[in-house]
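Within every chain, numbering begins at 1; the chains are lettered A, B, ... in the order of the sequence lines, protein sequences first and strands thereafter. Computed from a predicted model, the values in this text were never measured in an experiment.
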2 protein chains.
Amino acid sequence: MPNSENNGRKSPRRVTLADVAREVGASTITVSRALRRPEMVSEGLRQRISAAVADLGYLPDPAARALASRRSDVIGVIIPSVTNSVFADVLSGLYDTVGGTPYNVQLGNTRYRPEIEEQLIRIFLSQRPAGLIVAGIDQTDSSRRLLESADCPVVQIMELASDPVDMLVGFSHRAAARAATEHLLDRGYTAPTFLGARMDPRSERRLQGFRDALDAVGMSTEGRELTTTEPSSVHLGGALLDRHRARAPGTDAVFCNNDDLALGAAFAAQRAGLKVGRDIGICGFNDLEVMAAAHPSITSVRTFRRQMGETAALRVLDHLGGKETGPRVVDLSYKLIPRSSTDRGA
Amino acid sequence: MPNSENNGRKSPRRVTLADVAREVGASTITVSRALRRPEMVSEGLRQRISAAVADLGYLPDPAARALASRRSDVIGVIIPSVTNSVFADVLSGLYDTVGGTPYNVQLGNTRYRPEIEEQLIRIFLSQRPAGLIVAGIDQTDSSRRLLESADCPVVQIMELASDPVDMLVGFSHRAAARAATEHLLDRGYTAPTFLGARMDPRSERRLQGFRDALDAVGMSTEGRELTTTEPSSVHLGGALLDRHRARAPGTDAVFCNNDDLALGAAFAAQRAGLKVGRDIGICGFNDLEVMAAAHPSITSVRTFRRQMGETAALRVLDHLGGKETGPRVVDLSYKLIPRSSTDRGA
DNA sequence: TTGTAAGCGTTATCAA
DNA sequence: TTGATAACGCTTACAA
């Protein structure tokens, strides 16, 4: 510890409510009120209390507060990955929205493992969280039961469903993927393939959307899907494209599960001497910033990740503030952004 | 809340230590000991307690624990950005290392604002954290004083310094940048430029390293630096390169502050009809995964971000476990990874 | 508007 | 090895 020698002094006693109360000649409960419900305390007293608080440098003890009120200031957030930039954007929206409120975000990382998710839910619940935000709708049965029994607002994010545990903010991956695939067909590509990595439940739904689009035009999906459970990466996108082209040389377009794969596919195509767009159509998913800046620019399906974090946080905060307005389910939708990588004339 | 109708029942009373104690016919403090220091409790009792704990589904209340022990299970982590993938990697290492211990990571996001950093430090300290991990060494004076007075282990990360508050895990940005610039010169580029965005203190040190390298060979840095305070992005990398080439057409190489800029510069160069490597050398910083997969592959300076998170967490955990071994300062160094983008013959 | 009293669930301290 | 008791710092419930 920084002050381990300690200069002979004991760690200085903490400034408590009682100290502030003594300072202004009031009771602790009054000081407590002045801090949490200022309108319940008379003007003059309130001001003297503020002054004393600043003076003494009083900071509430969240543990004592949580113990007495049976309610912590923690908003628990459970996501499968911290490195995935998709979740990073969601988190950014969350932190920006929760920052400045009296609440704190605490993150749980499931690493895509349902049993860890369940454990994290238990741990969070044991803290009596102010709210809970969980990614996805594919909780195990017992996870779901735990969430249903939570006596705090719960928001599921990233997906759409008709039966949320409590509230839900997301969009339909299936519909978005279908739109992307239809875009490839509209642009005149005749032999599209789905390239997928990791294949979590969300990826599976995107694959469904891909199939929907092919089904709709009577096209077989046979040999038009190449997926792996490996974690996604740019490199893997290239490898998948190379592998698939070796087996199915006629392929003239790929819909990639995410933008990393699409970027990697674009690099691999160039490496193979193909002209992206003309020789092979490439569409990604999420529309990370790099897609617009790439050369050539890469078509993607934009998703509103930051807004998802913001909205989820707002729904929790509203509930905590007593405003239970707004719908339980928010569909943030998606938007196809056509670019050069799916322009055959480019 | 999920169970707001509540089915008529009150929210079920929490299972406490007392419940477990009653179940096994022991006192609460014994149960408490059995959980935290099993070796202090007799074998038989210990086993009956474990059984009862599992049976009743007892989970300790972290708030009560924190209040009574004056020590929370929170390891506070203060970083300037959650979206920056550099920090995402550090976080990933942190979460992986802290996960499975009784401690919890709680994240504070300064958004690159020193005053927010100071406020976050105060808030964390008011929680009596188990440990504190902060990015950088450029805290304000009062932030630094706060950290020095903390009675928990404190680890600064991302940089090197001879006077850490407590412990430090990082590397020299200045030396790394110098190595990158020397690489450009070694490869025969004669007119390198530094491209920088955001320009936080770490970026400034990288700029210093760039200058060091030019100074060493007697080259002027005049007109060889293009920086902006805008946040970094792939697009911006391209824009900076375009802007700089318009003013200084003789430029034959760029050292970019980070990989996003380098990637953007590579795209912009290709868009301008330049052959990356032959016509313009490009070197990035951090060596994100995309750099190796890009076409052409892009030279970068690898930094050990995940390991930085792991090491920082381990240092904290070791201290908490009483093992105060290991150096106070850990230099994780860096590694130049030469690739096609700085190969003039490619 | 202010205050009193009684906890919240755990651990530190001291004793047996 | 086990336990009784008194905190820890705050808020809820009830009074005045």
To the nearest angstrom, the CZ-C1' distance between A:R71 and D:dC10 comes to 16 Å

Spatial distance of atom OG (B:S142) from atom CD1 (B:I121) [nearest 0.5 Å]: 8.0 Å

B:L91 CG to A:L107 CG distance, which is reported to the nearest 0.5 Å: 8.0 Å

Nucleic acid footprint by protein, nucleotides 8-16 of chain C - heavy-atom cut-off 4.0 Å, B for base, S for sugar-phosphate alone: BBBSBB---

Is the shortest side-chain N/O distance from A:S27 to OP1 or OP2 of C:dT2 below 4.0 Å? no

Output for pair (B:Q106 CD, B:I75 CD1), nearest 0.5 Å, gives 11.5 Å

Between B:S32 and B:R36, does any side-chain donor sit less than 3.5 Å from a side-chain acceptor? yes

Using C1' atoms of five pairs at each end, report the bend of the helix from C:dT1-D:dA16 to C:dA16-D:dT1 rounded to 10 degrees. 20°

So, A:R315 side chain and A:G326 main chain: donor-acceptor pair closer than 3.5 Å or not? yes

Could you give the CG-to-P distance, from A:L35 to D:dC10, as a whole number of Å? 9 Å

For A:S72 and A:R128, indicate whether the former's side chain and the latter's backbone hold a donor-acceptor pair under 3.5 Å. yes

Base, sugar-phosphate alone, or nothing: which one does B:A66 contact when heavy atoms must sit under 4.0 Å apart? nothing

note: B:I49, atom CD1; D:dT1, atom P; distance rounded to Å ~ 13 Å

Can you name the one residue among A:L320, A:V316, A:V74 that meets side chain to side chain contact (heavy atoms under 4.5 Å, CB included) with A:Y103? A:L320

If you measure from the Lys or Arg side-chain nitrogens to the Asp or Glu carboxylate oxygens, is any gap between B:R13 and B:D19 under 4.0 Å? yes

What contact category does A:E39 fall into here, base, sugar-phosphate, or nothing, at under 4.0 angstrom with non-hydrogen atoms? sugar-phosphate

